[in-house]
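First the structure, in the form of structure tokens, and then the observations on it.
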Amino acid sequence: MIADPQLNPAAVELGSFLPQPPDTVWRALTDPDLLERWLLRPTGFAASVGTRFRFVLPHPSVDEMDCEVLTARPHEQLTYSWTYLRAEYPVRWIVDWALRPQGRGTRLLLTQTGFDVEDRRQKMARNAMERRWKRTVLPRLGEVLHS
């Protein structure tokens with residue numbers, strides 16, 4: 001994973017190389033059973049533009065994230081909105097997964113936008129999300145792909 005400080009400071013932008021081909025990575029990003037193993041449990045998810053779904057969060061006080069698929073180009077790009085409506089200050093984030101073939105594997109770029117880094121709370125949320133993606137979520141994705 002690479003975090004580049006020259007990139008947009010209001011976005012989380014992380015790249016990684018995965019030794020699996022794009023179709024295998026795409027399946028991990030779009031199969032609800034696999035998503036639950038490395039990210040969150042989706043309900044009503046389909047990799048089809050306009051699909052509204054929810055991610056069920058493990059912490060009972062947070063409950064669910066409302067989402068909508070914005071882009072779905074198989075084996076290339078998946079983008080969805082991610083909104084926690086019950087937050088004191090609701091924010092709509094956009095999570096984008098870009099897949100590019102590289103050798104026998106896949107170059108994966110995760111971009112999460114929608115943070116207002118001028119707002120102290122959102123800047124803290126952005127930094128916390130970057131740490132979570134790097135330290136927890138993306139390594140779990142790698143584990144799922146290797147299993």
Side-chain angles (χ1 to χ4, degrees), residues 1-5 7-18 20-100 106-147:
M1 283 171 285
I2 302 165
D4 185 343
L7 298 175
N8 181 354
V12 173
E13 297 174 292
L14 300 170
S16 61
F17 174 78
L18 301 166
Q20 295 79 13
D23 61 326
T24 301
V25 176
W26 178 259
R27 184 170 171 262
L29 295 176
T30 59
D31 180 292
D33 292 331
L34 294 176
L35 269 169
E36 182 174 7
R37 289 177 51 199
W38 66 270
L39 183 58
L40 296 165
R41 183 166 48 99
T43 57
F45 176 79
S48 177
V49 173
T51 299
R52 294 185 178 275
F53 67 100
R54 291 180 184 233
F55 275 126
V56 179
L57 302 174
H59 194 280
S61 68
V62 176
D63 200 27
E64 299 176 336
M65 300 293 277
D66 290 322
C67 305
E68 180 181 358
V69 176
L70 305 173
T71 306
R73 292 197 319 264
H75 317 290
E76 293 179 14
Q77 184 178 19
L78 177 66
T79 309
Y80 44 82
S81 62
W82 185 323
T83 308
Y84 176 53
L85 298 174
R86 295 185 186 146
E88 185 177 349
Y89 304 98
V91 176
R92 181 176 188 251
W93 293 301
I94 304 297
V95 176
D96 180 75
W97 301 96
L99 297 80
R100 301 290 177 264
T106 304
R107 176 66 52 193
L108 180 67
L109 176 62
L110 159 68
T111 306
Q112 182 177 2
T113 58
F115 300 98
D116 175 3
V117 293
E118 299 303 315
D119 178 289
R120 182 180 57 83
R121 280 186 291 266
Q122 286 193 37
K123 186 173 185 176
M124 289 172 54
R126 182 241 172 261
N127 293 339
M129 286 302 300
E130 181 176 48
R131 283 190 304 276
R132 180 163 166 67
W133 286 118
K134 274 200 249 186
R135 296 179 185 169
T136 306
V137 179
L138 291 174
R140 282 199 317 233
L141 170 60
E143 291 169 11
V144 166
L145 288 167
H146 283 96
S147 62

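Below, all heavy atoms of this structure are taken into account, side chains as well, without hydrogens, waters or symmetry copies.
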field: OG1-CG distance between Thr71 and Leu78, expressed to the nearest 0.5 angstrom
entry: 8.0 Å
- prompt: So, do Val95 and Leu110 sit near enough that their side-chain heavy atoms are less than 4.5 Å apart?
  reply: yes
query: Hey, are the side chains of Phe55 and Cys67 touching, using non-hydrogen atoms and a 4.5 Å cut-off?
result: yes
- prompt: Please walk me through it: do Lys123 and Asp119 pass side-chain contact (heavy atoms from CB on, under 4.5 Å)?
  reply: CA-CA 6 Å; Lys123 186 173 185 176; Asp119 178 289; over 6 Å; no
message: Apply side-chain contact (heavy atoms from CB on, under 4.5 Å) to residues Thr30 and Leu35 and explain how you reach the verdict.
response: CA-CA 7 Å; Thr30 59; Leu35 269 169; 5.9 Å; no
- prompt: Is the side chain of Thr106 donor-acceptor paired with the backbone N or O of Gln20 at a distance under 3.5 Å, no angle test?
  reply: yes
message: For a 4.5 angstrom cut-off between non-hydrogen side-chain atoms, does Thr111 reach Val12?
response: no
- line: side-chain hydrogen bond (donor to acceptor under 3.5 Å, both in side chains) filter on Trp82, not counting sequence neighbours, yields none
- prompt: Is there a side-chain contact between Leu108 and Trp97, using heavy atoms and a 4.5 Å cut-off?
  reply: yes
query: With no hydrogens and no angle check, is any side-chain donor or acceptor of Arg126 less than 3.5 Å from a backbone partner on Val117?
result: no
Gln112: partners by side-chain hydrogen bond (donor to acceptor under 3.5 Å, both in side chains), with sequence neighbours left out: Trp133
query: Step by step, would you call Thr83 with Val91 a side-chain contact (heavy atoms from CB on, under 4.5 Å)?
result: CA-CA 6 Å; Thr83 308; Val91 176; over 6 Å; no
Can you give each donor-acceptor pair under 3.5 Å made by side-chain atoms of residues 39-54, sequence neighbours left out, with the distance rounded to 0.1 Å?
from  : atom 1 : to    : atom 2 : distance (Å)
Thr51 : OG1    : Ser48 : O      : 2.8
Arg52 : NH1    : Glu68 : OE1    : 3.4
Arg52 : NH2    : Glu68 : OE1    : 3.3
Arg54 : NE     : Asp66 : OD1    : 3.1
Arg54 : NH1    : Glu64 : OE1    : 2.6
Arg54 : NH1    : Asp66 : OD1    : 3.2
Arg54 : NH2    : Asp66 : OD1    : 3.2

- line: To the nearest 0.5 Å, atom OG1 of Thr79 lies from atom CG of Leu70 at 6.5 Å
message: Walk me through whether Leu29 and Leu99 qualify under side-chain contact (heavy atoms from CB on, under 4.5 Å).
response: CA-CA 10 Å; Leu29 295 176; Leu99 297 80; 3.7 Å; yes
- prompt: If we only count heavy atoms from C-beta on, is the Glu76 to Trp26 side-chain gap below 4.5 Å?
  reply: no
query: What closest approach, in Å, do Phe17 and Arg107 show between heavy atoms, and which atom pair accounts for it?
result: N-NH1, 3.4 Å
Residue list, salt bridge (Lys or Arg N to Asp or Glu O under 4.0 Å) with Arg27, at least two apart or on another chain: none
Contacts of Pro21 that satisfy side chain to side chain contact (heavy atoms under 4.5 Å, CB included) - sequence neighbours left out: Asp23, Thr24
- line: Looking only at heavy atoms, the pair that brings Pro74 and Ala72 closest together is CD-O, 3.6 Å
Which pairs would a plain distance check flag for residues 138-147, meaning a side-chain donor or acceptor within less than 3.5 Å of a matching protein atom at least two apart in sequence or in another chain?
from   : atom 1 : to     : atom 2 : distance (Å)
Arg140 : NE     : Trp38  : O      : 3.3
Arg140 : NH2    : Trp38  : O      : 3.2
His146 : ND1    : Gly142 : O      : 2.6
Ser147 : OG     : Arg37  : NH2    : 2.9
Ser147 : OG     : Val144 : O      : 2.8

- request: Work out which heavy atom in Val69 is nearest to a heavy atom in Tyr80; give both atom names and the distance.
  value: CA-CB, 4.0 Å
